[in-house]
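First the structure, in the form of structure tokens, and then the observations on it.
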Amino acid sequence: MPGNGDDDPDERTAADDPAAPGRPRAARPSAVDGPSPAGSLPTATGDRFTRPGGMFSSLRVRNYRYYFAGQVVSNTGTWMQRIAQDWLVLSLTGSPLAVGITTAMQFLPMLLLGLFGGVLADRMPKRRLLIYTQGAMGLLAAGLAVLTVGGVVTPYYVYAFALLLGLVTVVDNPTRQAFVSEMVGPKDLANAVSLNAANFQTARLVGPAVAGLLIAAVGSGWAFAVNALSFAAVIGGLLAMRESELRPTVPIAREKGQLREGLRYVRERPELLWPMVLAGFIGTFGFNFPTLLSGFAHDTFHVGAGQYGLLNTAMAVGSLAGALLAARRGAPRLRRLVGAALAFGALEVVAAFAPGYWSFAVLLTLIGVFGLSFNTSVNSALQLGTDPEMRGRVMGLLVLVFTGGTPIGAPVVGWVTASYGPRLGLLACGLVSAAAAAVVGLVLARSADLRMRFDLHPGRGGRVVAFVPRTTAPDKSELAAAC
């Protein structure tokens, strides 16, 4: 790993951080303080943010380097298990429906219990909780490996392990999201979120290929075993962190009504509520590519498994590029995430009319760029705009609306695709996504009392079209600065 953690002049200990436990929190900025610098989003503690120090700026933080390195290994193992699990179920049953049941068992807990996972993330120290959840995931992978290599695995065992994995993920996912800010602090948070996404997309390219070779050589069980071992990298990185350099949030005491408190917290803040609503629409209807891409490959372009895999690769490459581009930007403005969602939906509409296979593949790459840009922007914006003691619940709600809607949206999109063809299915997904982005953008502009300004001679660094506030009222100016 590069460096020893002492080479970053900006790296502070928790004792030096004004937002750390035991230090008085800064007052929330008022309108008289002026708007945030361009490209930044004011947080609940009133911090101001600068542009990042490069595409990999957050890797200067020693603790995050250990976390990132562990995730490289673990994410690759996770993608290996996904491929091996689907192949195992298909080989045991010969039924694609059984594969769908396995996926549903893994995602159903998030739909039913996702909010409770966010509450637990706020109640417990996040580093310790992640050690528990990652260890549990490793044990589940090891158990499935033993059953498979021993030749006693059945589809029902796989369903049970998928359900247990989903239950652990309910807690692990919001905890991991909220823990990023404790490692890097607000200045590098957007960069770290983008690098996490790049990490995941890189594993998405490597993991399936390694899994395919391993399954062909020695069987699915050994892919599960490799994944079990990969969790040692994450746990080792967590244990190796310097606690003095973390910025831990004080866990909240267990009380009644904390789940409702989290929902009320989001409902009362337009800068959190409307991005969350948009994420729900995009996650439920926009990201249904497993169903759509198989339909385009088989029914529209009449290509085989290799070219179908290439379509998935094209999207993964675009997503990786989008994550790296996002890592170069500062903390996100709300207009960026709305613009990314609008471009994502518009590109899906255009791709629905793609005349040939290769033009469709190119459009998928662009869809991947803007889809990932939206993902990282909404994640960073919500974390930066949330009080630390509420962050677990807010991120739990984001995970719920973004991934929990899959069991709802996937059957609808599948029915449209089966009844009217994949082109109409993708067209419907694109129209819903673009319409949701346009409506949320208008609602945010109206809530912040913004107007559109045209300047045909903007000068250096200016914009021809810009949104400017109509009023200087404090309750409007803060939201306008976020937009």
Side-chain angles (χ1 to χ4, degrees), residues 70-107 137-166 199-234 289-299 301-320 357 361 364-365 368:
Q71 286 294 314
V72 169
V73 178
S74 181
N75 283 336
T76 302
T78 297
W79 276 104
M80 290 176 62
Q81 172 142 339
R82 288 188 182 186
I83 299 301
Q85 180 176 275
D86 290 348
W87 184 261
L88 174 63
V89 172
L90 191 62
S91 63
L92 289 172
T93 65
S95 170
L97 176 61
V99 178
I101 292 174
T102 307
T103 302
M105 296 295 284
Q106 191 164 325
F107 282 96
M137 289 179 173
L139 290 175
L140 288 173
L144 191 56
V146 170
L147 291 175
T148 306
V149 173
V152 296
V153 70
T154 68
Y156 297 103
Y157 280 130
V158 182
Y159 297 158
F161 274 88
L163 180 62
L164 291 172
L165 180 61
N199 188 326
F200 185 78
Q201 296 302 326
T202 301
R204 181 181 175 187
L205 292 172
V206 176
V210 176
L213 294 174
L214 199 59
I215 293 169
V218 291
S220 298
W222 293 103
F224 301 142
V226 171
N227 183 42
L229 292 174
S230 74
F231 286 100
V234 182
F289 295 106
T291 300
L292 292 166
L293 295 188
S294 59
F296 269 94
H298 186 268
D299 300 325
F301 299 124
H302 307 290
V303 296
Q307 288 169 297
Y308 166 65
L310 188 59
L311 293 180
N312 288 276
T313 300
M315 176 159 283
V317 168
S319 299
L320 177 59
Y357 173 85
L364 280 181
T365 304

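Remark: side-chain polar atoms of Tyr357 are paired, donor with acceptor, to backbone N or O of Gln307 under 3.5 angstrom. In this structure, Ser74 contributes its side chain and Gly70 its backbone to no donor-acceptor pair below 3.5 Å. In this structure, the side chain of Thr148 does not engage the main chain of Ala145 through any donor-acceptor pair within 3.5 Å.
In this structure, Arg82 has no side chain to side chain donor-acceptor pair (under 3.5 Å) partners at least two apart in sequence or on a different chain. With sequence neighbours excluded, no residue forms a ring-ring contact (aromatic ring centres under 6.0 Å, His included) with Phe107. Listed by chain and number, the residues in a ring-ring contact (aromatic ring centres under 6.0 Å, His included) with Phe200 are Trp79 (sequence neighbours excluded).
Met137 contributes atom CE, which lies 11.5 Å from atom CG of Leu164 (distance to the nearest 0.5 angstrom). Taken from OG1 in Thr365 to CG in Leu311, the straight-line distance is 9.5 Å, to the nearest 0.5 Å. Asn199 contributes atom CG, which lies 5.0 Å from atom CG of Asn75 (distance to the nearest 0.5 angstrom).
Phe161 and Leu144 get closest at one heavy-atom pair: CE2-N, 3.7 Å. In plain terms, the two heavy atoms of Leu214 and Val226 that are nearest each other are CD2-CG2, 3.9 Å. Heavy-atom minimum distance, Ala162 versus Thr102: CB-O, 3.8 Å. Thr78 approaches Asn227 most closely through the heavy-atom pair N-OD1, 3.2 Å. Closest heavy-atom contact between Leu320 and Leu205: CD2-CD1, 4.2 Å. Taking all atoms of both residues into account, the shortest heavy-atom contact from Val152 to Tyr157 is O-CE1, 3.5 Å.
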**Request:** Would you check, one step at a time, whether the test side chain to side chain contact (heavy atoms under 4.5 Å, CB included) holds for Leu310 with Val303?
**Result:** CA-CA 11 Å; Leu310 188 59; Val303 296; over 6 Å; no
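Considering only heavy atoms from C-beta on, Met80 stays 4.5 Å or farther from Ser230 through its side chain. Residues Leu92 and Val153 are in side-chain contact: their nearest non-hydrogen atoms beyond the backbone lie under 4.5 Å apart.
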